[in-house]
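Residue numbering restarts at 1 for every chain, and letters A, B, ... go by the order of the sequence lines. The shown structure was predicted, so the numbers you read here are calculated from the model rather than taken from an experiment.
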Amino acid sequence: MRRFVPVLTVLAAILALWYAACVPMNIHSTVNLARVHGFEAMPEGRRARAEMGALQLAAMNPEAVPFVWSEEKPRLPAPHQVAGELWGAVTDFAPTDKRSLVFHAWATLSATLLGFAIGTGLGVLLAVGIVHNRAMDMSVMPWAIASQTIPILAIAPMVIVVLASVGLTGLLPKALISAYLSFFPVVVGMVKGLRSPDAMQLDLLRTYNASDTETFFKLRLPAAMPYLFASLKVGAAASLVGTIVGELPSGGGEGIGARLLAGSYYGQTIQIWAALFMAAIVAAGFVGLIGWVQGRTLHRMGLAR
Amino acid sequence: MSQVPVIKAENVDLTFETNDGPVHALKGVDLDIGKGEFVSFIGPSGCGKTTFLRCIAALETPTGGTLTVNGLTPDGARKARAYGYVFQAAGLYPWRTIGGNIRLPLEIMGYSKSDQAERVKNVLQLVDLDGFEKKYPWQLSGGMQQRASIARALAFDADILLMDEPFGALDEIVRDRLNEELLGLWARTGKTIGFVTHSIPEAVYLSTKIVVMSPRPGRITDVIESPLPAERPLDIRDSAAFIEVAHRVREGLRAGHGDAV
């Protein structure tokens with residue numbers, strides 16, 4: 001119980017803040033709908049109300065305040081509305097139904113897993129190259145950094161369109177964008193990890209006349225493991241973002257990104273928030289899974305005490 | 001020492017090029033080390049004692065003179081796995097057990113699985129660490145870790161053991177004990193030992209030959225053949241002969257300092 005008290009305190013604070021924020025965010029539209037809700041809007045006239053501050057308007061229309069938490073298309077949906085939408089979208093339909101959020105979450109997760117695998121593989125290979133080859137050491141890192149400075153939102157549609165024109169659609173284009181974002185932290189972490197053995201440990205293997213391959217597998221790779229897992233967690237989160245961004249231009253397709261886009265087309269803010277939370281849950285699960293594998297691996301290596 | 005020297009240095013020079021100009025780490029080093037000798041290198045920091053040991057191990061390459069190990073070049077001797085090297089820090093792999101750490105050189109050198117197990121058992125006994133094979137390094141004290149690292153250097157059949165201030169980071173009580181054990185180990189294995197230290201009592205207590213070095217440039221100022229008997233209990237350090245040798249070492253160190261200033 002002791003462990004949960006701080007967690008629950010923070011959670012309660014966030015919820016309280018969220019509910020409070022709904023008042024200024026939604027009060028204008030709620031007062032505009034005064035007739036529907038059955039009270040008189042103060043002051044008369046939309047123009048006059050639009051020019052007023054949110055808190056002032058709320059003070060003048062106290063009977064409007066309860067309705068800010070139950071608007072159909074609020075600017076900021078209340079937590080219970082998001083939770084209700086999320087619950088409904090998960091439980092009301094079969095997981096294979098296109099209206100089910102589980103269906104979309106799986107579409108995103110599968111592309112993310114593929115992209116993460118590609119990105120991690122690529123990242124590890126690049127790191128091995130950088131550590132063992134001087135030319136790669138001098139040349140790859142600037143390109144890797146440059147690749148991450150390009151806004152992914154700008155190139156994702158191009159990648160999708162170009163790949164679609166050569167007949168590649170579905171999972172792979174999304175996975176490639178996901179890989180594009182996730183390889184970078186793996187490269188950085190792995191290079192650092194593979195270089196973490198100090199001069200003495202390398203000298204020791206030299207006195208055994210060990211080959212580069214033996215040095216790699218017996219020293220560099222195990223020494224890099226803690227670094228690799230730290231990078232994998234960052235890469236996992238990045239790969240999910242990559243997939244969602246890759247789903248945005250696919251227009252009415254599958255995935256959390258498509259769902260976000262549809263929500264914003266139709267002003268369905270509650271649906272957007274529910275999709276966002278689904279993305280967060282998937283990401284948390286994914287990162288948690290990596291953390292579990294990390295714990296097991298490092299424990300078996302005797303590195304976790 | 002009438003037989004062919006195991007390690008032979010003739011006029012060995014080593015100059016490091018740095019931004020502030022060349023640094024003479026070693027200059028005109030001449031030294032013969034015979035089979036089964038226990039040779040200590042002593043001197044203030046910067047005198048090149050560690051550098052010379054690293055030259056023998058082919059971890060540094062002299063820029064002048066000739067240096068042979070077992071009649072080979074140092075690099076040839078390294079490739080022939082002629083020596084075991086013990087560093088200042090134990091440097092055990094944290095992800096390997098003590099047994100796993102000792103197996104590391106054996107795996108690389110291609111010993112069979114059963115031979116590996118046998119050797120690990122033997123050297124653990126040799127350094128008095130039986131029963132610790134399955135423990136991880138962090139479960140051992142500093143002195144025990146250093147003993148494990150000595151076991152690692154003894155596990156394969158190298159007849160030279162090079163030790164670079166192996167007990168430098170340990171407290172004096174542990175150091176005394178390990179010194180005594182090291183002498184016993186040397187007597188049992190008959191290895192040729194090169195031992196870098198900055199402790200006069202340690203050098204005198206352990207060695208058959210003490211090489212006194214001084215800095216700028218790093219060079220040998222005195223080579224002392226120890227008159228002490230092979231059998232050396234710890235209290236030999238209170239004997240007149242011991243004190244005399246220690247005095248000569250101290251004189252050598254002072255002389256080296258004198259002409260450097």
Side-chain angles (χ1 to χ4, degrees), chain A residues 120 123-124 127-128 131-132 134 186 189-233 290-305, chain B residues 50 53-54 56-61 69 72 74-111 134-140 149 152-153 155-156 158 160-166 169:
Chain A
T120 303
V124 171
V128 171
V131 170
H132 285 93
R134 205 179 136 66
V186 176
M190 260 322 249
V191 168
K192 182 107 180 111
L194 292 174
R195 287 201 172 134
S196 66
D198 57 28
M200 197 204 81
Q201 287 177 314
L202 291 168
D203 277 347
L204 179 69
L205 286 183
R206 214 175 125 71
T207 69
Y208 301 151
N209 194 24
S211 66
D212 279 354
T213 318
E214 284 162 332
T215 306
F216 180 78
F217 283 107
K218 293 201 186 292
L219 176 59
R220 289 189 190 276
L221 192 61
M225 282 327 235
Y227 295 84
L228 174 65
F229 278 109
S231 308
L232 286 185
K233 285 184 188 168
I290 292 170
W292 182 75
V293 175
Q294 172 184 28
R296 295 271 323 219
T297 310
L298 296 189
H299 185 78
R300 278 193 55 179
M301 285 173 74
L303 290 176
R305 288 167 201 189
Chain B
T50 292
L53 203 72
R54 289 174 62 85
I56 298 172
L59 296 172
E60 307 282 356
T61 312
V69 178
L72 305 165
D75 207 47
R78 177 180 70 84
K79 286 182 176 139
R81 287 146 177 170
Y83 63 85
Y85 201 103
V86 179
F87 291 86
Q88 199 164 0
L92 302 170
Y93 290 2
W95 57 86
R96 280 174 175 252
T97 58
I98 297 305
N101 269 290
I102 296 171
R103 262 196 304 279
L104 175 73
L106 304 177
E107 288 168 10
I108 290 170
M109 296 175 192
Y111 287 83
K134 297 219 156 50
K135 292 269 189 280
Y136 281 98
W138 59 268
Q139 294 171 299
L140 270 62
S149 96
R152 181 176 60 186
F156 51 98
I160 303 172
L161 186 59
L162 302 175
M163 308 176 90
D164 181 10
E165 293 186 35

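- Both the backbone and the side chain of B/A89 come within contact range of chain A, judged by heavy atoms closer than 4.5 Å.
- Between B/L104 and A/L205, the closest side-chain pair of non-hydrogen atoms falls below 4.5 Å.
- Residue-environment remark: NZ (B/K135) stays at or below the threshold of 12 foreign heavy atoms within 6.0 Å.
- Atom CG of A/L219 and atom CZ of B/R96 lie 9.5 Å apart (nearest 0.5 Å).
- Highest contact tally toward chain B, considering only A/E214, A/R206, A/R300, is held by A/R206 [criterion: heavy-atom pairs under 4.5 Å].
- Taking CG of A/N209 as the start and CZ of B/R78 as the end, the distance is 5.0 Å to the nearest 0.5 Å.
- Considering CG of A/L204 and CG of B/N101, their distance stands at 9.0 Å, rounded to 0.5 Å.
- Using a 4.5 Å cut-off on side-chain heavy atoms (C-beta onward), A/Q201 and B/Y93 make contact.
- When heavy atoms are compared at a cutoff of 4.5 Å, B/D164 does not approach chain A at all.
- Both the backbone and the side chain of B/Y85 come within contact range of chain A, with heavy atoms under 4.5 Å apart.
- Of the residues considered (A/A210, A/P197, A/P222), A/P222 shows the highest number of contacts with chain B, using heavy-atom pairs under 4.5 Å.
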Would you check, one step at a time, whether the test side-chain contact (heavy atoms from CB on, under 4.5 Å) holds for A/Y208 with B/L106? CA-CA 9 Å; A/Y208 301 151; B/L106 304 177; over 6 Å; no
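- In this structure, CZ on B/F87 lies 9.5 Å from CG on A/D198, to the nearest 0.5 angstrom.
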